Amino acid sequence: MIFRLILCVAGVLLLNIAGCLCQLDVCGQAPFNNKIVGGENATTGSWPWQASIRFISSGSHFCGGSLINKDWVLSAAHCFPSVSYGASYISVSLGCQTLSGSNPNGTTKTVSQVITHSGYNSNTEINDIALVKLSSSVTFTDYIRPVCLAASGSTIDAGAKTWITGWGTLNAGDSSLPNTLQEVQIPIVNNTDCNKAYGIITSNMLCAGFTSGGKDSCQGDSGGPMVYKNDSLWIQPGIVSFGRSCAEAGFPGVYTRVSQYQSWINSYISSDQPGFVHLAAIGGSSNLHHYLPHTFFIFSLYLFL
């Protein structure tokens, strides 16, 4: 903590980027966390960056996301396929444990802007990443906090244990969503092995799951976070993107690799930029270095929408 304070002061004095470093002081912390298909109910406040993206007209959830600062949510490009999924049609709920009923720690914000990556390709799912700007800033609480993001150059090896969260269906083909936020822990799968299943896996993607299947993200989890824990700090290396069915043996889930998009994210967030952390996770252990932030598809793929 003393080192982090010195780093913050030095950064403000030498780089004149007041406000940027504060994200590193708050991101990735989940005060109520002591520690989807095949998953279980999450406890209240366990994942304070988790977002539910909904249609304003019906209030229905259709995608997940992660809070990355007081004004922006990170999600997937395929969540916004047409104008009906644009800013004026959607809202974002944060700090919620359930999709309906009482959420005393939650808040819902309208959206002022949705930015999808210009290079997104719906056939290959390359560049499946989006930014959602809230119409007004959220106030951080123990139940609403930003996640840290994996910085450019980060690595995470096969076997590293990650957590996926969301309100997606509990089985492929289900028409109803669970009311309570779900969580599941799954290991990273080597990209080479993953590509044997799909044939379109690139360095901008991550894969995770069990060879035998049984645990996975599913429809409705799209855009939500894959996170990895080091001590008390949570870092997001992936965004729920696509897969074949859900939890099918031999077909791990595929995630957008966040570390490949640090420059893209910062190009749209000019102030109060997210906290990026360099991640080197080796089969369940990791080494971290803080980086200063800069001023429903079935062929072989199944979108987790």
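Below, all heavy atoms of this structure are taken into account, side chains as well, without hydrogens, waters or symmetry copies. All figures in this text were calculated on a predicted structure; none of them were measured in a lab.
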(message) Is the shortest side-chain heavy-atom distance between Trp163 and Val184 below 4.5 Å?
(response) no

Check your understanding: With a 4.5 Å limit on heavy-atom distance, are the side chains of Leu134 and Leu94 in contact?
Key -> yes

Check your understanding: Judged by atom type as modelled, is there a donor-acceptor pair below 3.5 Å linking the side chain of Asn69 to the main-chain atoms of Trp72?
Key -> yes

Taken in chain and number order and not counting sequence neighbours, the residues that satisfy ring-ring contact (aromatic ring centres under 6.0 Å, His included) with Tyr89 are none

*Within the distance-only criterion (no hydrogens, no angle test), does the side chain of Asp128 pair as donor or acceptor with the backbone N or O of His78 below 3.5 angstrom?*
yes

* Asked: Looking at side-chain heavy atoms only, is the closest gap between Phe140 and Pro146 below 4.5 Å?
  -> yes

Value for CD1 (Ile265) from CD1 (Ile115), rounded to nearest 0.5 Å, stands at 11.0 Å

Does the side chain of Ile53 come within less than 4.5 Å of Tyr85's, by heavy atoms?
no

Tightest non-hydrogen contact, residues Thr124 and Phe242, listed as O-CE2, 4.3 Å

Okay, side chain of Tyr198, backbone of Pro252: is any donor-acceptor separation there less than 3.5 Å?
yes

Nearest heavy-atom approach of Thr165 to Gln50 is OG1-OE1, 2.5 Å

- Are side-chain N/O atoms of Asn191 and Ser203 paired as donor and acceptor at under 3.5 Å? no

Practice item. Please answer whether the main-chain N or O of Met205 pairs with a side-chain N or O of Arg257 as donor and acceptor at a distance below 3.5 Å. Key: yes

| So, Glu125 versus Tyr120: side-chain donor-acceptor pair below 3.5 Å or not? | yes

State, yes or no, whether a side-chain contact exists between Ile186 and Thr162 at a heavy-atom distance under 4.5 Å.
yes

Shortest non-hydrogen pair, Gly45 vs Gln97, comes out as N-OE1, 4.4 Å

Value for CG (Asn195) from CG (Asp193), rounded to nearest 0.5 Å, stands at 9.5 Å

Taken to the nearest 0.5 Å, the spacing of Ile201 CD1 from Ile126 CD1 works out to 9.0 Å

Under a 3.5 Å threshold, yes or no: a donor from one side chain and an acceptor from the other, between Asn204 and Gln260?
yes

Is there a donor-acceptor contact under 3.5 Å from the side chain of Gln182 to the main chain of Thr180?
-> yes

- prompt: Are Val227 and Ile235 close enough that some pair of their side-chain heavy atoms sits under 4.5 Å apart?
  reply: no

In this structure, SG of Cys96 is separated from CZ of Arg54 (nearest 0.5 Å) by 5.5 Å

Between Cys79 and Phe62 the two heavy atoms that sit nearest each other are O-CE1, 3.4 Å

* Quick one: does Asn127's side chain have a donor or acceptor within less than 3.5 Å of a partner on Gly119's backbone? -> yes

*Ser75 side chain vs Gly64 backbone, donor-acceptor pair below 3.5 Å*: yes

Indicate whether any N or O donor in one side chain lies under 3.5 Å from an N or O acceptor in the other, for Ser52 and Ser93. no

For Gly168 and Pro178, the nearest pair of non-hydrogen atoms, with its separation, is O-CD, 3.0 Å

- Decide whether Val189 and Tyr255 are clustered together by the hydrophobic rule: side chain heavy atoms of Ile, Leu, Val, Met, Phe, Trp, Tyr closer than 4.5 Å, transitively. no

### Query
Taking the inter-plane angle between the rings of Trp234 and Trp49 on a 0 to 90° scale, is it parallel (under 30°), tilted (30 to 60°) or perpendicular (over 60°)?
tilted

* **Under 3.5 Å donor-acceptor, Asn103 side chain and Thr98 backbone** => yes

Q) Any link between Trp167 and Ile56 through a network of hydrophobic side chains (Ile, Leu, Val, Met, Phe, Trp, Tyr) touching at under 4.5 Å? A) no

Under 3.5 Å, side chain of Lys133 to main-chain N/O of Asp71, donor-acceptor pair present? no

Here the gap from Leu181 atom CG to Trp47 atom CH2, rounded to the nearest 0.5 Å, amounts to 9.0 Å

Distance col, row Ser263:OG vs Tyr268:OH, nearest 0.5 angstrom, shows 12.5 Å

Any donor-acceptor pair under 3.5 Å linking the side chain of Thr110 with the backbone of Ser135? no

- Would you mind reporting whether Met226 and Ile188 have side-chain heavy atoms less than 4.5 Å apart? yes

field: Within-4.5 Å side-chain heavy-atom neighbours: Val147 and Ile68
entry: yes

Smallest heavy-atom separation, Ser46 atom then Ala30 atom, equals O-CB, 3.4 Å

